[in-house]
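The block underneath contains the structure these notes are about, expressed in structure tokens.
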Amino acid sequence: MIDVKALRDNPDLVRASQKARGENPDLVDQALAADEKRRNAIVEFEALRAEQNTLSKSVGAAKGDEKTALLEKAKALSAAVKEAESKKNATEADFKKIAMEISNLVDTSAPVGGEADFKVIEEVGTPRKFDFEPKDHVELGKILGAIDVERGAKVSGARFYYLTGVGALLELALVNYAITMATKAGFIPMIPPVLVKPAAMEGTGFLGQAAENVFHLKEDDFYLVGTSEVPLAAYHMDEILDAKSLPLRYTGYSPCFRREAGSYGKDTRGIIRVHQFEKVEMFSFCAPEEAVAEHQRLLAWEKEFLNAMEIPYRVIDVATGDLGSSANRKFDCEAWIPTQNAYREVTSTSNCSEFQARRLNVRTKGENGTYPVATLNGTLVAIPRMIVSILENHQQTDGSVLVPKALQPFLGMDRFNPVG
RNA sequence: GGAGGGCUCGCAUAGUGGCCUAGUGCACCGGUCUUGAAAACCGGCAAGGGAAACCUUCGUGGGUUCAAAUCCCACGCCCUCCGCCA
């Protein structure tokens, strides 16, 4: 949720932000009107309630005729209070509904535009020149006995897969490497629940435009998380964090579930876009004024991971129209995928400033009172896309794949060899 | 799934319709005293809204009442026991 004071004091800024995102700027005026109504209703209710409190007290003390008269007056007042209260509740709900639809204020340094208007910040490494025709990850996965998409489809349908043999081992090694790295950097490792209540999903901002990509269990009103960002952010829901403890950094390892609605026909081959995968995520609660610097730190850890995997990639500054509703700025790391002759997103880090914290009611106490913290998230490793990157970039002419040095101790091998 | 107990300001608790503007102890912060500390004493100490008066919040949501932490209903969560199960 955006800052209500900022909305009142500087509605133009919010309108401009909505426009930059390609979202509805009229929400700002609707929210302002609803806020006005809400505040009037609150004042009205509170005046009546104060009157009722005083009157009630005198009823208790009064005797005889005086009491009867006061009771009559109090009864009439009671009805008025009830009405004012329901009006107050209704106007508050109206305001909240509209305010919750407004996305986070974009960072003015983010490039304005749609998906294609990103800015390339840097390119790291150079795409490898193959002296043979490189195979794609589906083919390599079959040769190495690492990925089984056919049986994934048989058992669960499109966009499901099995990681088998060295594929399964590779996941475990990647996870171990990532968690080890994050722990060394001071992150607290977490294995969170992946079924969450609506409050957690809503608080992290996934029930807005992103709602269609969220699996929902109707019977039990649980949501399956699309990222451990959700349970990690909600971990401190309704808490006041000790300012001295910030930044609080967590690294979560969890399955992620995505409906991938509206992506029919996109990335249908292989495991680039799937309904279920595991991911190691970084999450940070920090002081608002630290958020921009913390964002850079998360990006640096993402780069460190990709460097260790010896994969060429570039970093992009995602355009305003392609930001999630909670993010004010987002950097994606895109790995080079040889068979697609393109860079594809493998990790992503978002600065959500105080937007999520306000919704989740995560605060800290400082000299200027109690105020919301900033939250940031970043992928350390999303397994399927990292497997794709490693297999395709490190493949040899015979179909074997060289294991990056950093992973060798975790895998106990330096090469994946064709099976059968 | 069944039975019972519970949910009050960080922790522990008091509070069975109006004196609750929610008390007390512990912890914590500041002060006095002390060379310093402890003890003792004094003061502060939940959150949100509001310039303030004031209002809201006693797990959540309804209800009864002039008035609800307190009475009624529903739900949630925690604990103990039973059953089933990894």
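Letters A, B, ... are given to chains in the order of the sequence lines, protein chains preceding strands, and every chain is numbered from 1. All values below come from the heavy atoms of this structure, side chains included, with hydrogens, waters and symmetry mates left out. Predicted model only: the values in this text are computed from it and were never measured.
- Nearest heavy atoms, A:L27 versus A:Q18: CD1-NE2, 3.8 Å.
- In this entry the distance linking CG of A:D238 with P of B:rG59 reads 15 Å, nearest Å.
- When the P atom is compared between B:rC75 and B:rG1, the two are found 12 Å apart, to the nearest whole Å.
- Spacing between B:rG18 and B:rA67 at atom P, rounded to whole Å, works out to 14 Å.
- With B:rU56, B:rA67, B:rA47 as the choices, the nucleotide that has an atom nearest any side-chain atom of A:F45 turns out to be B:rU56.
- At whole-Å resolution of the value, NZ in A:K88 and C1' in B:rU57 are 10 Å apart.
- Within the structure, a side-chain polar atom (N or O) of A:K82 is placed less than 4.0 Å from OP1 or OP2 of B:rU64.
- The base-pairing partner of B:rG25, taking Watson-Crick or G-U wobble contacts with both distances under 3.5 Å, is B:rC11.
- When the side-chain contact (heavy atoms from CB on, under 4.5 Å) test is applied to A:R269, the partners found at least two apart in sequence or on another chain are A:D136, A:V138.
- Two residues, A:N89 and A:T54, neighbour RNA chain B, and the one matched to the more 5' nucleotide by heavy-atom proximity is A:T54.
- With both ends at atom C1', the span from B:rU57 to B:rA51 equals 23 Å, rounded to whole Å.
- In this structure, A:E92 places its CD atom 12 Å from C1' of B:rU57, rounding to the nearest Å.
- Taking atom P in both B:rU21 and B:rU70, one finds a spacing of 14 Å when rounded to whole Å.
- In this structure, B:rC58 forms no base pair with any nucleotide, since neither Watson-Crick nor G-U wobble geometry is met with both distances under 3.5 Å.
- A:D221 has its CG atom 15 Å from the C1' atom of B:rU60, to the nearest Å.
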Review item, nucleotides 15-20 of chain B N/O atoms under 3.5 Å of protein N/O:
{"unit_1": "B:rG18", "atom_1": "N2", "unit_2": "A:S56", "atom_2": "O", "d": "2.6"}

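- Remark: B:rU70 base-pairs with no nucleotide; criterion is Watson-Crick or G-U wobble with both hydrogen-bond distances under 3.5 Å.
- Looking at every heavy atom in both residues, A:S228 comes nearest to A:E281 through OG-CB, 3.3 Å.
- Nucleotide B:rA51 forms no Watson-Crick or G-U wobble pair with any nucleotide shown, as no partner meets the under 3.5 Å limit on both distances.
- Nearest nucleotide to the side chain of A:L71, out of B:rC55, B:rA47, B:rC66: B:rC66.
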Review item, nucleotides 48-50 of chain B N/O atoms under 3.5 Å of protein N/O:
{"unit_1": "B:rG49", "atom_1": "N2", "unit_2": "A:E46", "atom_2": "OE1", "d": "3.3"}

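- Between the side chains of A:R359 and A:Q356, no donor-acceptor pair of N or O atoms lies under 3.5 Å.
- A tilted orientation is assigned to the rings of A:H275 and A:F160, their planes being inclined by 30° to 60°.
- Between B:rC45 and B:rG30, the distance separating the two C1' atoms is 11 Å to the nearest Å.
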Enumerate, atom names and distances included, each donor-acceptor pair closer than 3.5 Å involving a side-chain atom of residues 174-197 of chain A, sequence neighbours excluded.
{"unit_1": "A:N176", "atom_1": "ND2", "unit_2": "A:L172", "atom_2": "O", "d": "3.3"}
{"unit_1": "A:T180", "atom_1": "OG1", "unit_2": "A:N176", "atom_2": "O", "d": "2.6"}
{"unit_1": "A:T183", "atom_1": "OG1", "unit_2": "A:I179", "atom_2": "O", "d": "2.6"}

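- Per the geometry, CD belonging to A:E239 stands 12 Å off C1' belonging to B:rG10, to the nearest Å.
- When side chains are defined from C-beta on, A:K97 does not count as touching A:Q30, because their heavy atoms never get closer than 4.5 Å.
- Proximity note for A:A74 (side chain, C-beta onward) versus B:rC66, B:rA47, B:rC55: the nearest is B:rC66.
- Distance check on atom C1': B:rC33 versus B:rC20 gives 37 Å, rounded to whole Å.
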Under 3.5 Å, side-chain donor or acceptor atoms of residues 151-158 of chain A against the rest of the protein: list the pairs with distances, not counting sequence neighbours.
{"unit_1": "A:R151", "atom_1": "NH1", "unit_2": "A:D148", "atom_2": "OD2", "d": "2.8"}

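- Residues satisfying the side chain to side chain donor-acceptor pair (under 3.5 Å) test with A:T349, not counting sequence neighbours, are none.
- A pairwise comparison of heavy atoms in A:S389 and A:I337 identifies OG-CD1, 3.8 Å as the closest pair.
- Side chain of A:R49, nearest nucleotide from B:rU56, B:rA47, B:rA67: B:rU56.
- Look at the P atom in both B:rU60 and B:rA69: the space between them is 12 Å, to the nearest Å.
- Residue A:Q52 is in sugar-phosphate contact alone, with no base atom involved, counting any heavy-atom pair closer than 4.0 Å across all strands shown.
- On the C1' atoms, B:rC58 is 16 Å away from B:rC71, given to the nearest whole Å.
- For the atom pair CD of A:E392 and CZ of A:R344, the computed distance is 10.5 Å after rounding to the nearest 0.5 Å.
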